Amino acid sequence: MVEYRIDRHSGVATYVQIVQQTKQALRMGLLRPGDRLPTAREVVEATAINPNTVLKAYRELEREGLVEARRGLGTFVRRALGTTPVDPSLRTELAAWAEKARAAGLERDDVAALFTAVLDKHFQGERS
């Protein structure tokens with residue numbers, strides 16, 4: 001099950017963070033069709049956010065066709081994202097790179113900006 005981490009200082013709306021993290025879990029194969037998302041109550045207890053925020057995120061995911069709410073049962077994944085399984089060696093290499101960047105004194109935001117710049121260069125014209 002996915003565990004949401006809310007960064008109140010990111011400038012990104014809380015419900016958008018939930019949507020983004022759910023999509024990331026779908027891409028990484030951590031969530032698969034048929035899996036149940038945490039209930040709004042579970043997310044509220046873990047993150048101390050407003051239940052309406054969770055429901056707004058889940059409605060957005062439902063609108064995109066990624067999840068479906070089943071009355072009295074919960075919210076379930078309808079479809080996965082991504083078409084290619086992630087090669088474990090890529091994850092290992094990326095983790096090593098991230099550690100090297102951190103050892104070089106880069107902050108998280110610096111690493112994210114660098115990684116995004118490289119992605120933008122290599123995936124020009126593509127948007128997910």
Side-chain angles (χ1 to χ4, degrees):
M1 184 178 292
V2 66
E3 292 182 24
Y4 298 109
R5 295 170 314 283
I6 305 303
D7 181 354
R8 289 165 173 40
H9 305 289
S10 72
V12 177
T14 303
Y15 88 95
V16 173
Q17 291 182 52
I18 292 171
V19 169
Q20 290 172 339
Q21 290 175 36
T22 302
K23 287 180 176 180
Q24 181 175 359
L26 289 167
R27 283 188 183 91
M28 298 300 297
L30 300 174
L31 285 174
R32 295 193 167 101
D35 287 350
R36 184 180 68 81
L37 294 183
T39 64
R41 180 177 300 199
E42 290 168 337
V43 176
V44 168
E45 289 173 0
T47 61
I49 61 175
N50 188 303
N52 290 327
T53 301
V54 180
L55 296 174
K56 181 176 182 178
Y58 284 11
R59 280 192 305 272
E60 175 66 20
L61 291 164
E62 190 169 19
R63 188 188 64 73
E64 293 182 28
L66 298 174
V67 303
E68 66 179 330
R70 298 179 192 159
R71 187 171 293 285
L73 297 175
T75 303
F76 293 83
V77 175
R78 289 187 64 196
R79 66 179 178 89
L81 287 176
T83 56
T84 306
V86 176
D87 180 345
S89 67
L90 289 175
R91 179 186 284 260
T92 301
E93 290 173 30
L94 185 56
W97 177 84
E99 187 57 39
K100 185 176 176 181
R102 188 175 191 185
L106 294 176
E107 298 291 327
R108 179 185 173 91
D109 289 343
D110 300 328
V111 172
L114 176 59
F115 189 74
T116 300
V118 171
L119 282 178
D120 289 347
K121 179 179 178 186
H122 290 279
F123 293 91
Q124 289 177 340
E126 294 182 27
R127 289 287 168 207
S128 51

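In this text, all values refer to a predicted model and were calculated from it rather than measured experimentally.
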*Is there any salt bridge (charged side-chain N to carboxylate O under 4.0 Å, His left out) pair reaching into residues 10-20, and which pairs are they, with sequence neighbours excluded?*
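Residue pairs passing salt bridge (charged side-chain N to carboxylate O under 4.0 Å, His left out), neighbours aside: none found.
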Minimum heavy-atom separation for [X] and [Y], please, with both atom names.
X      : Y      : value
Glu64  : Arg79  : O-NH2, 3.5 Å
Pro33  : Ala80  : CG-N, 3.8 Å
Leu55  : Ala40  : CD2-CB, 4.0 Å
Arg8   : Ala48  : NH2-O, 3.2 Å
Asp120 : Gln124 : O-CG, 3.0 Å

_Are the side chains of Tyr15 and Leu61 in contact, using a 4.5 Å heavy-atom criterion?_
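Heavy-atom side-chain distance check fails, nothing below 4.5 Å.
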*Is there a side-chain contact between Arg102 and Arg108, using heavy atoms and a 4.5 Å cut-off?*
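They are not in contact (no side-chain heavy atoms under 4.5 Å apart), so the answer is no.
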*asked:* Could you walk me through whether Phe76 and Arg70 satisfy the side chain to side chain contact (heavy atoms under 4.5 Å, CB included) test, starting with their C-alpha distance in whole Å, then the side-chain angles of each, then the deciding distance to 0.1 Å, before giving a yes or no?
replied: CA-CA 7 Å; Phe76 293 83; Arg70 298 179 192 159; 3.7 Å; yes
Measure the [atom1]-[atom2] distance between [X] and [Y] for me, rounded to the nearest 0.5 Å.
X     : Y      : atom1 : atom2 : result
Ser10 : Asp109 : OG    : CG    : 9.5 Å
Lys56 : Ile18  : NZ    : CD1   : 11.0 Å
Glu62 : Thr75  : CD    : OG1   : 7.0 Å

Look at the side chain of [X] and the backbone N and O of [Y], then say whether any donor-acceptor pair between them is shorter than 3.5 Å.
X     : Y     : value
Glu42 : Thr39 : yes
Thr53 : Ile49 : no
Gln17 : Val12 : yes

*Determine, step by step, whether Arg5 and Glu3 satisfy the salt bridge (charged side-chain N to carboxylate O under 4.0 Å, His left out) criterion, reporting the C-alpha distance in whole Å, the side-chain angles of both residues, the deciding distance to 0.1 Å, and the verdict.*
CA-CA 7 Å; Arg5 295 170 314 283; Glu3 292 182 24; over 6 Å; no
_Among Leu66, Val77, Leu81, side-chain contact (heavy atoms from CB on, under 4.5 Å) partner for Leu31_ =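 The passing option is Val77.
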*Could you walk me through whether Gln20 and Val16 pass the side chain to side chain contact (heavy atoms under 4.5 Å, CB included) check?*
CA-CA 6 Å; Gln20 290 172 339; Val16 173; 3.6 Å; yes
*Verify the cluster assignment for Leu94 and Phe123: are they in a single hydrophobic cluster under the rule of side-chain heavy atoms below 4.5 Å apart?*
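Same cluster.
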*Answer yes or no: is there an ion pair linking Arg63 with Glu60, defined by an N-O contact shorter than 4.0 Å?*
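The answer is yes: the pair qualifies as a salt bridge.
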*Counting heavy atoms not belonging to Glu68, are there more than 12 under 6.0 Å from its CD?*
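Count over threshold, so yes.
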*Where do Thr22 and Tyr4 land on the side chain to side chain donor-acceptor pair (under 3.5 Å) test, with the steps shown first?*
CA-CA 8 Å; Thr22 302; Tyr4 298 109; 2.7 Å; yes
